[in-house]
Enquirer: 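Before I ask anything, here is the structure I am working with.
Along the sequence shown, residues carry numbers from 1.
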Amino acid sequence: MAITHTPPQPARPALRPGLAPAVVASNTRDTGIDLVRACCIVGVVVLHAMMVGVTVTSAGPVFANASDGTAWIAPLSWVLQVMPLFFVIGGFAGLLAFRRQRARGVPASAFVAARLHRLLLPAVVTIGCTAAALAMLTLAGVPADLIAAAGFRFGQPLWFLAVFLLCQALLPALAAAHERAPMRAIVALVVAAVLVDVLRASTGVDALGFLNLVFVWTALQQLGFFLADGSIDALAKRVRIAAGAGAVVVLVVLWCAGVYSADLIANINPPTAALLLVGVAHTALLSLLRERLTRLSRRPRVASATAFVTTRAMTVYLWHMPVLLAMAGASAVFALTTGVALPEPSSLGWWLGRPIWLVAALGLTAAVATVFARVEAVSMPVATRSRRRITVAVVLGLTAVTFLLVVGTSVMTGTLAVLMILASLHVSRSSSRS
């Protein structure tokens, strides 16, 4: 992993008329972008809440993905597959933040250290609490297979933490590539992502698709750089409409041809180039609606809700799955103790109960995020200026999260991951030698 210091850039030319206000005044937050980011986080919680399926049989509780084999997940995924947009926004915000810090003389290593701190500090608390909860369940006599299932479900969303950390760690180097040759940089990543899909399909080796954990998500982050530069907003409206509509048409054609699944959630593990088309469509729509979104975001109630989510974004993301697991466990205990049968997933009774379930999931996640938000707000210690130290810190953090993804979360693996993340945070801090 190469974390490079980008050279000083020449003064940028005056911006053309029509560029987004956030580009002109990059020292202020773009409230419209913040609103979209908040909606993405809420969308992820809703999607995962819809996937929770819990029933009780004569053999005991059964926890499963309620969307497996259903017809409703594909159309729902076209609404709630927001991860491509989230990485575009991450690129937008990350590039502006990096340039502001670079203008103040902050080295790239300190920028990456700050990102690592913001992502991993809430994670170490969540993973530690989950490991402790699994230990308590073990002592309480809960069957080992149920504990293993809970640990597996908890770890599934952590892929985002690992990939987003990688993208943010590479941002200084990718920003330098964008400033030297913006089209060449993004085209190279897109071509690489498509080639991975071709190799995966031609060889039948699905594991090759995991290479796109790098190419797909960094390409989407790179698309966010163009949004931050104002290049996309400067395009004629008809061009943006054509780009967004064209991406959707191509996606539908590839779906009908059997190249990609109609279920956009299925295109995320491992990621496919279909997500790039989703990202283009999302970005075009976002650009077209920027002014309206900005006006909407300034309404007091909307601004308050947006601020609540964005200041707790990682906390909400990391804690929503433990909340959903606790809700599923409570439902099973209720059914076992009262004899009330839980509705089968996708049945009429199940659908009738979804509004209450979703409200409870969002409300409880918000409550837990309120409690743990102080962790995310902890100030970053003085960051190291050593590229070697920050590279080691990033590798330690990525290894810890990937370890949980590969082997699952248990008391032992959770404890080991916590130790690795703590080591990562320690190394990222300044020392007398850095």
Side-chain angles (χ1 to χ4, degrees), residues 1-6 9 12 20 22-23 25-38 40-41 82-123 160-180 182 185-186 189 213-233 275-276 279 282-283 286-287 290 309-311 313-314 317 376 380 383 387 390-391 393-394 397-398 428:
M1 180 179 303
I3 309 288
T4 62
H5 295 271
T6 54
Q9 298 298 317
R12 294 172 64 195
V23 178
S26 61
N27 287 326
T28 60
R29 293 194 69 90
D30 187 310
T31 56
I33 292 293
D34 281 347
L35 171 60
V36 175
R37 179 172 18 216
C40 288
I41 292 291
V82 295
M83 279 304 177
L85 181 57
F86 198 96
F87 276 84
V88 171
I89 292 173
F92 171 93
L95 182 65
L96 294 180
F98 174 65
R99 285 176 171 170
R100 286 196 298 269
Q101 293 189 29
R102 185 176 63 187
R104 297 198 300 268
V106 177
S109 58
F111 169 84
V112 175
R115 286 299 197 258
L116 184 145
H117 174 86
R118 182 68 185 271
L119 294 171
L120 291 187
L121 189 60
F160 165 78
L161 176 62
V163 174
F164 197 70
L165 174 58
L166 176 63
C167 288
Q168 293 289 290
L170 293 174
L171 191 145
L174 293 173
H178 175 77
E179 290 166 348
R180 287 193 302 267
I186 194 169
L189 292 170
L213 286 169
V214 177
F215 298 128
V216 166
W217 299 118
T218 54
L220 289 166
Q221 178 176 263
Q222 211 80 1
L223 183 58
F225 293 173
F226 286 89
L227 191 64
D229 280 342
S231 305
I232 294 175
D233 292 334
L275 298 177
L276 299 178
H282 282 169
T283 305
L286 173 60
S287 177
R290 286 285 293 278
V309 176
T310 54
T311 56
M314 279 308 301
Y317 186 86
E376 193 167 350
M380 168 71 192
R387 285 179 289 179
I390 195 58
T391 300
V394 170
L398 289 175
S428 70

Enquirer: Is there a donor-acceptor pair closer than 3.5 Å between any side-chain N or O of Ser287 and the backbone N or O of Thr283?
Expert: no

Enquirer: Hey, are the side chains of Leu171 and Arg115 touching, using non-hydrogen atoms and a 4.5 Å cut-off?
Expert: no

Enquirer: Check Val36 against Leu85 and note the closest heavy-atom contact, atom names and distance.
Expert: CG1-CD2, 3.5 Å

Enquirer: Any chance you could measure Leu398, atom CG, to Leu165, atom CG, to the nearest 0.5 Å?
Expert: 4.5 Å

Enquirer: Which atom pair, heavy atoms only, marks the closest approach of Met314 to Glu376?
Expert: N-OE2, 3.3 Å

Enquirer: Would a 4.5 Å heavy-atom cut-off, applied to side chains only, mark Leu166 and Trp217 as touching?
Expert: no

Enquirer: Just how far is it from atom CG of Leu189 to atom CG of Leu174, taken to the nearest 0.5 Å?
Expert: 6.5 Å

Enquirer: Taking C-beta and beyond as the side chain, do Ile33 and Leu286 meet within less than 4.5 Å on heavy atoms?
Expert: yes

Enquirer: Going by the rule side-chain contact (heavy atoms from CB on, under 4.5 Å), which residues pair with Val82 if we only count those two or more places apart in sequence or in a different chain?
Expert: Cys40, Val44

Enquirer: Please name all residues satisfying side-chain contact (heavy atoms from CB on, under 4.5 Å) with Ala113, sequence neighbours left out, ordered by chain then number.
Expert: Met380, Ala383, Ile390, Ser428

Enquirer: Roughly how far, to the nearest 0.5 Å, is the CZ atom of Phe215 from the CG atom of Leu276?
Expert: 12.0 Å

Enquirer: Between Ala313 and Ile41, what is the shortest heavy-atom contact and its length?
Expert: O-CD1, 4.1 Å

Enquirer: Atom CZ of Phe87 and atom NE2 of His282: how far apart are they, to the nearest 0.5 Å?
Expert: 14.0 Å

Enquirer: Can you name the closest pair of heavy atoms from Thr310 and Arg118 and give their distance?
Expert: O-NH2, 3.8 Å

Enquirer: Between Phe225 and Ile186, is the side chain to side chain contact (heavy atoms under 4.5 Å, CB included) condition met? List the steps.
Expert: CA-CA 10 Å; Phe225 293 173; Ile186 194 169; over 6 Å; no

Enquirer: Would you please classify the geometry between the Phe160 ring and the Tyr317 ring as parallel, tilted or perpendicular, with 30° and 60° separating the classes?
Expert: tilted

Enquirer: Can you tell me how far apart CZ (Phe92) and CG (Asp229) are? Round to the nearest 0.5 Å.
Expert: 10.0 Å

Enquirer: Which heavy atom of Ile232 sits nearest a heavy atom of Leu227, and at what distance?
Expert: CD1-N, 3.8 Å

Enquirer: Only pairs at least two apart or in different chains count here, so list each salt bridge (Lys or Arg N to Asp or Glu O under 4.0 Å) that has a residue in residues 163-173.
Expert: none

Enquirer: Considering non-hydrogen atoms only, spot the tightest contact between Gln168 and Val112 and give its length.
Expert: O-CG2, 4.2 Å

Enquirer: Please round to the nearest 0.5 Å and tell me the distance separating atom CG of Leu95 and atom CZ of Arg100.
Expert: 10.0 Å

